[in-house]
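Below you'll find the structure, written out as structure tokens, and then a few comments.
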Amino acid sequence: MRILLVHSDYIEYEAKKKLDFAEKIPEEKRKDRMEECLVVFVSVEKRDEGKMEKIVERTCEEIKKTADLVNTKNIMVYPYVHLSSTPSSPKFAERTVNAIYERLKSEFNVKKSPFGYYKAFKLSCKGHPLSELSREITAEGEEVSEALKKEEKVKSSWYILTEKGELIPVKEYDFSEYENLKKFTDYEIEKRRVAEREPPHVELMQRLELVDYEPGSDPGNLRYYPKGRLIKSLLEEWVTDNVIDYGAMEIEAPIMYDFEHPSLKSYLHRFPARQYVIQTPNKRVFLRFAACFGQFLMLHDATISYRNLPLRLYELTRYSFRVEQRGELSGLRRLRAFTMPDCHAFVADIENAKEEMMVRFDLAKKIQEGVGLDIPEDLELAMRVTEDFWNKNRNFLVEMVKRWGKPALVEMWSERIFYFVFKYEWNYVDNLDKASALTTDQIDIENGKRYDIKYTDKEGNERHPVILHLSPSGAIERIMYALLEKAYRDSKKGIKPSLPLWLSPTQIRFIPISEEHMKFLENIRIEGVRYDIDDRNETLGKRIRSAEREWIPYIVVVGDKEVKSKVLSVRIRNGENREMTLEDLVTEIKEKTKGKPFKKLPLPIKLTKRPIFRG
RNA sequence: GCCUCGGUGGCUCAGUGGUAGAGCGGCUGCCUCGUAAGCAGCAUGUCGGGGGUUCAAAUCCCCCCCGGGGCUCCA
């Protein structure tokens with residue numbers, strides 16, 4: 001925002017030619033005049049967009065200050081785009097100018113010249129020392145990150161790192177064997193956008209009654225129906241169990257933090273994100289965007305010996321909040337409230353960090369494979385590294401690529417802009433060729449000091465640890481997104497789409513042929529497997545179809561034959577039809593889901609007792 | 001956040017100034033069925049919200065909300 005303030009004997013204007021976006025004005029407003037006033041020429045700029053409140057507030061403060069200085073109560077607000085070479089959109093500018101006008105009205109006698117016209121004007125400047133002032137106003141404040149600005153300056157170069165340890169500039173690399181890596185690279189570097197349709201997982205998450213938008217909340221805050229909640233909850237448990245097995249201590253920390261806390265304040269500057277801001281009765285707080293704060297603040301107050309290292313803390317954040325730009329939000333892929341498992345490891349130095357990172361690399365692999373993703377086939381490895389770290393630790397990166405099992409994309413930064421020197425991500429490339437990070441781990445050399453986290457080394461000296469930031473699965477919602485996108489991809493290949501058996505809300509669907517077979521079904525008792533009964537008064541064909549559309553892995557039709565023989569006719573989702581006893585079926589399912597968490601069906605067993613959440 | 005397209009019954013969508021529609025789903029009844037949609041009848045509506053123009057608005061205009069796509073962004 002740029003403004004020019006002119007203390008004048010009078011100003012007189014006349015609107016001449018109207019522009020496309022001009023505001024409507026009554027005829028008498030086309031011409032106006034004001035005596036003894038402060039004329040405020042305003043140019044709203046591109047960078048002000050989205051920050052109207054702050055800009056308006058600061059601009060008005062500036063105007064008031066000057067008006068008091070020159071001792072006038074008359075103000076003419078004059079939209080005047082020519083002060084800036086990077087003006088905002090007319091729409092935004094008009095709203096901003098109006099907001100300034102409205103706000104000044106309570107204290108001043110204000111007029112506003114019309115927006116969107118070529119205007120003739122006459123102005124008589126008083127010419128005293130304070131009569132002409134220009135001001136530049138920005139929305140930048142303590143809660144706005146500086147990391148983003150720095151990111152623009154830093155130079156990044158792109159390579160492919162092969163299993164043999166060759167670092168090949170992306171332009172010279174032959175992608176013919178790695179089509180998916182090519183897609184990922186294009187997405188990362190060229191920001192290529194092809195598809196112009198809704199991501200397939202959105203229709204699926206709604207139709208399967210898993211997840212849905214919640215218009216009554218803020219965008220990017222979703223609702224989970226019982227089946228969606230079940231799947232999410234199983235995934236959460238799976239990740240948590242594995243992280244605890246790895247040796248992490250699960251904790252719980254608050255979701256909101258004080259803006260004025262010194263460590264947090266400087267951390268915010270290093271993290272390019274917008275936060276939800278909440279006014280509590282006595283302070284302004286922001287909602288956490290990761291679990292870092294809680295864990296760091298906790299360890300700041302802890303007594304740590306080198307014997308305790310590596311020290312691992314874990315929290316499943318429900319939720320982490322990031323106010324992503326409206327247009328970036330998309331289904332389960334990018335949200336404003338999401339569930340992120342976040343596991344920090346505190347280690348003595350870089351060497352230990354590298355060792356620990358490899359342990360976690362294997363942990364993440366186990367978790368992702370359990371979830372139903374094939375590693376490395378379904379994901380693409382990206383590494384972001386500073387030139388300095390690469391030069392000193394080349395072997396470490398090569399070792400990681402070998403462990404991964406196929407080439408990785410490397411982004412090399414000329415200097416360090418974030419708090420980490422190295423991070424890797426496992427990215428999923430979806431049906432629209434868009435990429436999203438799932439697993440990610442980082443080596444952070446800054447926050448040990450920032451949060452004043454100390455451990456005592458062998459010699460009795462206090463030291464700041466190096467910190468690793470791991471999300472072993474990535475956001476739980478993103479796992480669901482990847483699984484749905486993967487299922488959709490299967491269906492395009494002619495394979496029946498499905499979820500992993502352990503995540504299927506209904507594992508066995510029983511369909512009685514007629515009412516008399518219900519008694520048989522009402523008497524069965526199965527533990528440790530989720531089953532339900534389609535007792536609706538519909539034809540068999542229709543009920544089979546509906547079970548298939550729900551992706552139910554085992555469908556069992558029960559008629560006279562089954563009641564008599566106790567041998568079930570089982571329709572399996574892979575297309576097979578098998579005769580087996582109930583016992584064998586249950587054993588098979590338990591066998592196939594061994595080692596995975598189990599939860600009960602969170603719905604009535606009889607379909608006639610269930611509401612339809614979506615239709 | 002910007003640009004752009006969209007929002008009509010629970011779902012999918014037709015209707016573009018003049019009496020709100022269809023299919024699916026729901027309900028009721030018939031049918032009692034052997035592996036992907038049986039038949040009939042009934043009820044479904046702040047036409048996303050607010051304001052305006054008009055004798056008259058789902059339809060035209062303005063603002064807002066929600067969603068899609070693009071830009072931007074992606075720790």
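To find a chain, count down the sequence lines: A is the first, B the second, and so on, and within it residues start at 1.
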Worksheet item: Counting heavy atoms not belonging to A/Glu576, are there more than 12 under 6.0 Å from its CD?
Response: yes

Response to the item:
Residue set satisfying ring-ring contact (aromatic ring centres under 6.0 Å, His included) with A/His344, at least two apart, ordered chain then number -> A/Phe296, A/His469

Discussion item. I'd like the C1' distance from B/C13 over to B/C71, given in whole Å.
Written reply: 30 Å

Practice prompt. Using the side chain to side chain donor-acceptor pair (under 3.5 Å) rule, take A/Asn431 and A/Lys492 through it: C-alpha gap first, then chi angles, then the decisive distance, then the call.
Written response: CA-CA 10 Å; A/Asn431 291 284; A/Lys492 289 288 117 177; over 6 Å; no

Discussion item. Holding to salt bridge (Lys or Arg N to Asp or Glu O under 4.0 Å), I want the full list of residues that pass it with A/Glu324, two or more places apart in sequence or in another chain.
Written reply: A/Arg334

Practice prompt. Just jot down the side-chain contact (heavy atoms from CB on, under 4.5 Å) partners of A/Lys561, sequence neighbours excluded, or say none.
Written response: none

Would you list the protein and nucleotides 25-27 of chain B atom pairs, both N or O, that sit under 3.5 Å from each other?
{"unit_1": "B/G25", "atom_1": "OP1", "unit_2": "A/Lys542", "atom_2": "NZ", "d": "2.9"}

Worksheet item: In chain order, what residues pass the side-chain contact (heavy atoms from CB on, under 4.5 Å) check against A/Leu540, with sequence neighbours excluded?
Response: A/Ile511, A/Ile544, A/Val557

Review item, nucleotides 63-67 of chain B N/O atoms under 3.5 Å of protein N/O:
{"unit_1": "B/C64", "atom_1": "OP1", "unit_2": "A/Arg95", "atom_2": "NH1", "d": "3.3"}
{"unit_1": "B/G67", "atom_1": "OP2", "unit_2": "A/Arg326", "atom_2": "NE", "d": "3.0"}
{"unit_1": "B/G67", "atom_1": "OP2", "unit_2": "A/Arg326", "atom_2": "NH2", "d": "2.2"}
{"unit_1": "B/G67", "atom_1": "O5'", "unit_2": "A/Arg326", "atom_2": "NH2", "d": "3.0"}
{"unit_1": "B/G67", "atom_1": "O3'", "unit_2": "A/Tyr213", "atom_2": "OH", "d": "3.4"}

Worksheet item: Can you list, by residue number, the residues of residues 559-569 of chain A that have a non-hydrogen atom closer than 4.0 angstrom to RNA chain B?
Response: A/Gly559, A/Asp560, A/Lys561, A/Glu562, A/Ser569

Discussion item. Restricting to side-chain contact (heavy atoms from CB on, under 4.5 Å), what partner residues turn up for A/Thr59, sequence neighbours left out?
Written reply: A/Met1, A/Ile3, A/Ile55, A/Ile63, A/Ile100, A/Ile137

Discussion item. Using the P atom as the point on both nucleotides, what is the distance between B/C11 and B/G70, in whole Å?
Written reply: 25 Å

Worksheet item: At under 4.0 Å between heavy atoms, what does A/Glu515 touch on the DNA or RNA strands: base, sugar-phosphate, or nothing?
Response: base

Discussion item. Please enumerate all residues that pass side-chain hydrogen bond (donor to acceptor under 3.5 Å, both in side chains) together with A/Arg610, with sequence neighbours excluded.
Written reply: A/Asp532

Practice prompt. For A/Val421, check side-chain contact (heavy atoms from CB on, under 4.5 Å) against everything at least two apart and list the hits.
Written response: A/Thr386, A/Phe389, A/Arg416, A/Ile443, A/Ile445

Worksheet item: When we call it a touch if two heavy atoms are under 4.0 Å apart, what does A/Pro90 touch: a base, just sugar-phosphate, or nothing?
Response: nothing

Worksheet item: Which residues satisfy the side-chain hydrogen bond (donor to acceptor under 3.5 Å, both in side chains) test with A/Arg207, sequence neighbours excluded?
Response: none

Which atom pairs link the protein and nucleotides 43-49 of chain B when you take only N or O atoms and keep those under 3.5 Å?
none

Worksheet item: On a whole-Å scale, what distance lies between the C1' atoms belonging to B/C66 and B/C47?
Response: 16 Å

